[in-house]
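Have a look at the structure below, then the notes.
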Amino acid sequence: MQQVHIRFYGVDQVRQFVNVISKFDTSFDLGSGQRIVDAKSILGVMALDLSGPLRLRYHLNETESETEIQEKIAPFLYSKA
């Protein structure tokens, strides 16, 4: 399982993110604390508190590479620096 933190700065970013990850067969979970949603569900993502960073977890399958996923989600990655 891979885990990264992401952050959204508007509804348009949420829509772009869901469109990007929906193209992968990999399962993505997004959330913070006890609240976890399917990251491919725009309604689920919009139900989260988007004011801070969120934890994105996913399991790679045989057909997709870590590098490919990281490149696609790079605009949404959160860094504390």
Name each donor-acceptor pair under 3.5 Å that joins a side chain in residues 67-74 to protein atoms two or more places apart or in another chain, with its distance.
from : atom 1 : to  : atom 2 : distance (Å)
Q70  : NE2    : Y58 : OH     : 3.0
Q70  : NE2    : E66 : OE2    : 2.8

**Complete:** Applying side-chain hydrogen bond (donor to acceptor under 3.5 Å, both in side chains) to R55 and not counting sequence neighbours gives none
**Request:** Measure the CD-CZ distance between Q3 and R57 for me, rounded to the nearest 0.5 Å.
**Result:** 4.5 Å
Distance-only check: which donor-acceptor pairs under 3.5 Å involve side-chain atoms of residues 22-38, not counting sequence neighbours?
from : atom 1 : to  : atom 2 : distance (Å)
S22  : OG     : V18 : O      : 2.6
T26  : OG1    : E64 : OE1    : 2.3
D38  : OD1    : K40 : N      : 2.9

**Request:** Would you give the length of the straight line joining atom OG of S51 to atom OH of Y9, rounded to the nearest 0.5 angstrom?
**Result:** 11.0 Å
**Asked** Mind checking what makes side-chain hydrogen bond (donor to acceptor under 3.5 Å, both in side chains) contact with R7, not counting sequence neighbours?
**Response** none
**Prompt:** Given the rule that I, L, V, M, F, W and Y join up when any side-chain heavy atoms are under 4.5 Å apart, are Y78 and V4 in one cluster?
**Reply:** no
**Complete:** Sorted by chain and number, sequence neighbours left out, side chain to side chain contact (heavy atoms under 4.5 Å, CB included) with Q16 holds for Q13, F76
**Request:** Identify the heavy atoms of A39 and L56 that sit nearest to each other, and give their distance.
**Result:** CB-CD1, 4.0 Å
